[in-house]
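Quick caveat: nothing in here was measured; it's all calculated off a predicted structure. Both backbone and side-chain heavy atoms feed into the values below; hydrogens, waters and symmetry mates do not.
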Amino acid sequence: MDFEEYLSQKKIDAKRFKSDEPELWQEWAQLFMQLHPESFTMQKKFLINALRREYPLQPTPSKEQTS
């Protein structure tokens, strides 16, 4: 799993996060590569929740909804 997939699982818009806060994105991406995803989550739990509120992932319409 890469960092963008992880953020998607946490319902964070990775593209907006990366464009708005590139330094923090880079720092977290490097740390994520060094840790197990669960360890990363434990270290950044409260910060992840704040990012989820700031950069919510918009749901993509499914094929059933577009038909």
Check the hydrophobic clustering (I, L, V, M, F, W, Y; side-chain heavy atoms under 4.5 Å; chains of links allowed) and say if Leu24 and Phe46 are grouped together. no
Candidate pair Leu7 and Tyr55, rule side-chain contact (heavy atoms from CB on, under 4.5 Å), full reasoning: CA-CA 10 Å; Leu7 292 175; Tyr55 304 109; over 6 Å; no
Between Pro37 and Tyr6 the two heavy atoms that sit nearest each other are O-CE1, 4.1 Å
Can you measure from CD1 (Ile12) to CG (Leu57) and round to the nearest 0.5 angstrom? 9.0 Å
Evaluate whether atom CE of Met1 has more than 12 neighbouring non-hydrogen atoms of other residues, nucleotides or ligands under 6.0 angstrom away. yes
Closest contact, heavy atoms only, Arg52 versus Asn49: NH1-OD1, 2.8 Å
Mind checking whether Lys18 and Phe3 have side chains closer than 4.5 Å, heavy atoms only? no
Between Leu31 and Gln43, is there a side-chain heavy-atom distance shorter than 4.5 Å? yes
Verify same cluster id: Phe40, Phe17 (apolar side-chain graph, 4.5 Å): yes
Check whether any side-chain heavy atom of Lys44 sits under 4.5 Å from a side-chain heavy atom of Lys10, and report yes or no. no
Just wondering, do Gln34 and Ser39 contact through their side chains at under 4.5 Å, heavy atoms? no
As an exercise, state the distance from CZ of Arg16 to CD of Gln58, rounded to the nearest 0.5 Å. 7.5 Å
Report yes or no: does Glu5 contribute a side-chain atom to a donor-acceptor pair with the main-chain N or O of Asp2 at less than 3.5 Å? yes
To check you understand the geometry: which heavy-atom pair defines the closest contact between Trp25 and Ala14, and what is its length? CZ3-O, 3.7 Å
At their closest point, which heavy atom of Ile48 faces which heavy atom of Thr41, and how far apart are they? CD1-CA, 4.0 Å
Which residues, ordered by chain and number, are linked to Met33 in its hydrophobic cluster, where ILVMFWY side chains connect at heavy-atom gaps below 4.5 Å, directly or through other members? none
